[in-house]
Amino acid sequence: MPSIAKIIWTVGFLIGTTTHSFDIALGGWLPYDFRPMPFNVYWTSLVFLDPLAALLIWLRERWGVVLGVVIMASNVMVNGYTAFIAGYDEFYFSFALQSAFAAFVFFAASEHWRGSRTQSEAS
C-alpha cells in the first residue's frame with residue numbers, strides 16, 4: 001500500500017480513536033447508554049481497535065487491512081442502523097463521513113489484495 005494511503009488510513013482511524021476517547025472522557029466508561037449494551041460495548045471497544053488498525057497498517061500491513069475492513073464494515077452497519085432504523089438523525093452527518101472513509105478503506109484493501117495476488121503470481 002502506498003505511504004499516502006497509509007497516512008490517510010492512519011489519520012482516519014485516529015480520528016475515530018479521538019472521538020471515542022472524548023466520549024469516554026465526558027461520559028465515563030460505556031458512555032453510549034442511549035443504545036442497548038452491545039452497541040455501547042462495540043463503540044467503546046473502538047477506542048482500542050481503531051488505533052490498533054492505524055498501527056498495524058504500518059507494522060503488519062495484511063493484518064491492518066483485515067482489521068480496518070472489519071471495523072469499517074461493522075461501523076457503517078451499526079451506525080447506519082442507529083441513524084436510519086433506530087431514528088437517531090444526529091448520526092446522519094457522522095455516518096456520511098464514516099461512509100466516505102469506509103469507501104476509501106474498502107478501495108485501499110481491494111488494491112492491497114490485488115497487489116498481493118499479482119506479486120504472488122509473479123513469483
Side-chain angles (χ1 to χ4, degrees):
M1 184 179 302
S3 292
I4 189 67
K6 289 183 179 183
I7 291 168
I8 294 167
W9 184 288
T10 301
V11 169
F13 280 106
L14 292 181
I15 288 170
T17 303
T18 302
T19 300
H20 294 289
S21 296
F22 279 139
D23 290 345
I24 291 169
L26 296 174
W29 192 248
L30 298 173
Y32 309 103
D33 56 3
F34 63 95
R35 296 297 298 139
M37 185 57 74
F39 286 69
N40 201 336
V41 170
Y42 172 76
W43 284 320
T44 301
S45 74
L46 293 176
V47 81
F48 304 106
L49 295 174
D50 283 351
L52 183 59
L55 180 64
L56 285 176
I57 200 64
W58 295 95
L59 301 179
R60 298 275 191 240
E61 188 172 303
R62 186 175 305 237
W63 295 0
V65 168
V66 170
L67 181 59
V69 166
V70 168
I71 289 170
M72 291 315 299
S74 61
N75 210 351
V76 167
M77 286 190 303
V78 168
N79 291 345
Y81 180 87
T82 299
F84 299 107
I85 306 298
Y88 288 86
D89 56 354
E90 59 270 16
F91 272 65
Y92 290 170
F93 180 72
S94 62
F95 179 76
L97 294 176
Q98 288 171 348
S99 296
F101 182 61
F104 166 78
V105 167
F106 300 152
F107 176 76
S110 70
E111 291 298 306
H112 167 81
W113 294 116
R114 184 183 333 240
S116 296
R117 191 172 42 245
T118 303
Q119 287 176 350
S120 67
E121 290 170 1
S123 300

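Here, residue 1 is the first one in the sequence, and each next residue gets the next number.
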Check [X] against [Y] and note the closest heavy-atom contact, atom names and distance.
{"X": "Phe95", "Y": "Asn79", "value": "CD1-C, 3.9 Å"}
{"X": "Trp58", "Y": "Ile7", "value": "CZ2-N, 3.9 Å"}
{"X": "Arg62", "Y": "His112", "value": "CA-NE2, 3.9 Å"}
{"X": "Trp43", "Y": "His20", "value": "O-ND1, 3.3 Å"}

Looking at [Y], is its backbone amide N or carbonyl O close enough to the side chain of [X] to form a donor-acceptor pair, meaning the two atoms are under 3.5 Å apart?
{"X": "Ser45", "Y": "Tyr42", "answer": "yes"}
{"X": "Asn40", "Y": "Leu30", "answer": "yes"}
{"X": "Tyr88", "Y": "Phe34", "answer": "yes"}

Kindly work out whether a path of hydrophobic side-chain contacts (I/L/V/M/F/W/Y, heavy atoms less than 4.5 Å apart) joins [X] to [Y].
{"X": "Phe22", "Y": "Tyr32", "value": "no"}
{"X": "Ile8", "Y": "Val76", "value": "no"}
{"X": "Met37", "Y": "Trp29", "value": "yes"}

- For a side-chain contact (heavy atoms from CB on, under 4.5 Å) with Val105, tell me which candidate from Val69, Val65, Ile57 qualifies. Val69
- Item | Phe13 ring center within less than 6.0 Å of Phe101 ring center | yes
